[in-house]
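First comes the structure, then the notes that go with it.
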Amino acid sequence: MSEIILDKKEIANLKADITKQVDSAIKSALSRNEDKILNRTQIANYFNVGTNTIDQWVKQGMPVILLESTKRYSTASCYKWFHEQEKTIKPTKKRPIRIVNE
């Protein structure tokens, strides 16, 4: 097993880098848990999909807020709906391919 030896400055830099990464991860997690009201492009970016996918999800039942003719999306409601769509897919039995030589 190898041993890594760091001087005081390197240890301080490592601690600072780790703290920065942990803070960033915490902020990211907290922002995901906040309920935000977004437009179609923003909710598509939130889920990292295209706007056409959002349109399809709305047809499949994803919650949408209608304000006159404007659609808005609650991140909390959409996130909950998204996870309710999870299904376990059983593998299908494949028939063997039969090759006939003539």
Side-chain angles (χ1 to χ4, degrees):
M1 183 180 209
S2 299
E3 186 175 321
I4 299 173
I5 301 172
L6 303 173
D7 64 24
K8 289 181 180 181
K9 185 177 179 181
E10 291 170 324
I11 291 172
N13 288 339
L14 182 60
K15 284 181 180 179
D17 288 343
I18 291 171
T19 301
K20 184 178 177 181
Q21 290 294 322
V22 170
D23 286 346
S24 176
I26 290 170
K27 286 178 185 176
S28 177
L30 289 173
S31 71
R32 293 279 281 171
N33 290 332
E34 290 178 15
D35 189 20
K36 298 176 184 173
I37 305 300
L38 306 177
N39 64 30
R40 186 174 70 136
T41 301
Q42 292 168 325
I43 199 73
N45 290 337
Y46 180 83
F47 283 107
N48 198 28
V49 298
T51 54
N52 290 338
T53 301
I54 297 301
D55 295 339
Q56 290 299 314
W57 289 354
V58 168
K59 289 177 185 175
Q60 294 172 17
M62 185 172 83
V64 61
I65 302 164
L66 291 174
L67 301 170
E68 295 181 15
S69 62
T70 305
K71 292 182 182 178
R72 292 290 184 257
Y73 305 85
S74 160
T75 56
S77 297
C78 293
Y79 188 77
K80 181 180 179 218
W81 174 87
F82 181 80
H83 283 286
E84 289 171 351
Q85 307 311 302
E86 291 181 19
K87 298 176 185 171
T88 302
I89 300 174
K90 295 179 183 179
T92 59
K93 292 183 180 179
K94 294 184 178 179
R95 297 187 304 189
I97 298 173
R98 184 174 167 205
I99 300 174
V100 179
N101 292 329
E102 292 185 22

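Applying the salt bridge (charged side-chain N to carboxylate O under 4.0 Å, His left out) test to Lys71 and every residue at least two apart in sequence or in another chain returns nothing. Applying the salt bridge (charged side-chain N to carboxylate O under 4.0 Å, His left out) test to Glu84 and every residue at least two apart in sequence or in another chain returns Lys80. Among residues two or more places apart in sequence or in another chain, the side-chain contact (heavy atoms from CB on, under 4.5 Å) test is passed with Leu38 by Lys36, Gln42, Ile43, Tyr46, Thr75.
The minimum heavy-atom distance linking Cys78 with Pro63 is given by the pair SG-O, 3.6 Å. Across all their heavy atoms, Tyr73 and Val58 have their closest contact at CE2-CG2, 3.7 Å. In terms of heavy atoms, Ala76 sits closest to Asp35 at N-OD1, 3.1 Å.
Counting only residues at least two apart or on different chains, the side-chain hydrogen bond (donor to acceptor under 3.5 Å, both in side chains) pairs with a member in residues 53-63 are Arg40-Asp55. Screening residues 12-24 for side-chain hydrogen bond (donor to acceptor under 3.5 Å, both in side chains), with sequence neighbours left out, gives no hits.
The hydrophobic cluster containing Ile65, built from Ile/Leu/Val/Met/Phe/Trp/Tyr side-chain heavy atoms closer than 4.5 Å, also comprises Ile37, Leu67.
The structure places CD1 of Ile11 at 7.0 Å from CG of Asp7, a figure rounded to the nearest 0.5 Å.
The backbone N or O of Phe82 lies less than 3.5 Å from no partner atom in the side chain of Gln85, so there is not a single donor-acceptor pair.
Cluster membership check: Ile18 shares its hydrophobic cluster with Ile4, using side-chain heavy-atom separations under 4.5 Å among Ile, Leu, Val, Met, Phe, Trp and Tyr.
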For this session: List the steps and the verdict of side-chain contact (heavy atoms from CB on, under 4.5 Å) for Arg72 and Val64.
Result: CA-CA 6 Å; Arg72 292 290 184 257; Val64 61; over 6 Å; no
